[in-house]
Amino acid sequence: VEYDYFKYHPMPEITKWMVQIAKDHPDLVTIVEYGQTYEKRTISLLKIGLNTGERKKAIWMDCGIHAREWIAPAFCQYFVRQILQTYKTDAKMEEMMKNMDFYVTPVLNIDGYIYSWKNSTTRLWRKNRSPGPSDFDCYGTDLNRNFDATWGTIGVSFNCSSEIYCGSKPLSEPEAQAVTYFVGSRKEDFLCFLTIHSYGQLLLVPYGHPNFTAPNYNELMEVGLAAADAIRGIHGMNYTVGTSPDVLC
């Protein structure tokens, strides 16, 4: 049965799909395991690109950091299919596969994603599934707010029952640690870091803190606006480009 890219899939189906994609494209795709969730599930990504024997530049993409945003993992799967389909027929895509590797994590917050499939009461679960401080009956950290980047300063809560609870300290969560160590150990290779959400038609660029401006802000805006133009040209959809303080406040 052909995989349906236009419906949401539970985690076991996504895992099976990853194995099948690697089997179908052995010249291009390998599965890389790079961490474990709080509930000891393996976090894996698809490394996509031609093995040229050279050290290559890379693009990172993670989906499903927020469990309830099911369209994000669905997008990641569709993106993988599209690049693998077009690579044989599109010279630009073929060139990219030669010169770059794509590292795609279809579901980063696996525990939370599985929990959001459990029943209708858990469908809108957002965080991971680690327990809060021992004297509180609460679960989950917002992984998106757990990274060691001006941690705990803005747009977060220290109440572990909150949707935006940032954890007990920076990188307290194994999922955030896994991304940090994987990307950090290869940071000179990565040209681009994309994390996919389902909040709205937005292309958000660094930084998320209003007091800091990325040193390459102008370049980021130029790339973002060009991407928005391309989306508008093909799909007629309007995407807003900017930092989250500029766009969301």
Side-chain angles (χ1 to χ4, degrees), residues 11 14 32-45 60-70 72-73 76 103-119 121-187 190 193-199 202 204-214 243-245 247-249:
M11 196 64 219
I14 296 172
V32 180
E33 297 177 353
Y34 69 98
Q36 278 195 330
T37 66
Y38 172 76
E39 293 176 346
K40 300 291 178 236
R41 295 183 174 96
T42 300
I43 306 169
S44 304
L45 58 78
W60 174 273
M61 180 186 288
D62 66 65
C63 289
I65 197 169
H66 285 150
R68 64 191 177 197
E69 297 175 15
W70 289 3
C76 252
Y103 290 83
V104 181
T105 302
V107 184
L108 177 57
N109 180 6
I110 301 170
D111 297 347
Y113 186 72
I114 289 170
Y115 188 68
S116 73
W117 277 81
K118 195 175 161 191
N119 58 46
T121 68
T122 65
R123 172 63 188 90
L124 293 180
W125 187 261
R126 164 187 166 104
K127 302 182 285 181
N128 76 347
R129 291 294 298 157
S130 66
S134 53
D135 41 349
F136 291 91
D137 181 25
C138 55
Y139 284 86
T141 291
D142 181 352
L143 297 174
N144 205 36
R145 287 162 168 74
N146 191 237
F147 291 99
D148 191 8
T150 58
W151 177 85
T153 55
I154 195 163
V156 298
S157 171
F158 292 98
N159 172 358
C160 62
S161 298
S162 167
E163 297 269 82
I164 54 171
Y165 174 57
C166 58
S168 56
K169 61 182 184 188
L171 300 181
S172 58
E173 307 309 301
E175 298 90 345
Q177 288 171 22
V179 173
T180 298
Y181 299 144
F182 188 91
V183 175
S185 64
R186 301 162 174 77
K187 64 181 177 196
F190 281 102
F193 186 108
L194 302 166
T195 182
I196 308 299
H197 289 261
S198 71
Y199 180 82
L202 306 169
L204 299 176
V205 303
Y207 287 130
H209 195 294
N211 298 351
F212 298 96
T213 301
T243 65
S244 44
V247 169
L248 300 178
C249 296

| field | Pairs touching residues 151-160 that satisfy salt bridge (Lys or Arg N to Asp or Glu O under 4.0 Å), sequence neighbours left out | value | none

| said: Suppose the criterion is ring-ring contact (aromatic ring centres under 6.0 Å, His included): which pairs have a residue in residues 143-175, not counting sequence neighbours? | reply: Trp151-Phe158

| request: Check side-chain hydrogen bond (donor to acceptor under 3.5 Å, both in side chains) between Thr195 and all other residues, then give those that pass, not counting sequence neighbours. | output: Asp62

| Do any pairs count as a disulfide bond (SG atoms under 2.5 Å apart) and have a residue in residues 139-169, sequence neighbours left out, and if so which ones? | Cys138-Cys160

| Those residues that, when tested against Ser244, pass side chain to side chain contact (heavy atoms under 4.5 Å, CB included) (two or more places apart) | Leu204, Leu248

| query | How would you list all residue pairs meeting salt bridge (Lys or Arg N to Asp or Glu O under 4.0 Å) that involve residues 158-174, not counting sequence neighbours? | reply | Arg68-Glu163

| query | Taking only residues two or more places apart in sequence or in another chain, which ones pass salt bridge (charged side-chain N to carboxylate O under 4.0 Å, His left out) with Asp142? | reply | Arg126, Arg145

| said: Holding to side chain to side chain contact (heavy atoms under 4.5 Å, CB included), I want the full list of residues that pass it with Thr153, two or more places apart in sequence or in another chain. | reply: Thr150, His209

| field | Counterpart residues, side-chain hydrogen bond (donor to acceptor under 3.5 Å, both in side chains), relative to Glu39 (two or more places apart) | value | Arg41

| said: List the residues meeting side-chain hydrogen bond (donor to acceptor under 3.5 Å, both in side chains) with Thr180, not counting sequence neighbours, and say none if there are none. | reply: none

| Can you name the residues that form a side-chain hydrogen bond (donor to acceptor under 3.5 Å, both in side chains) with Gln177, not counting sequence neighbours? | none

| field | Residues forming a side chain to side chain contact (heavy atoms under 4.5 Å, CB included) with Pro174, sequence neighbours excluded | value | Tyr38

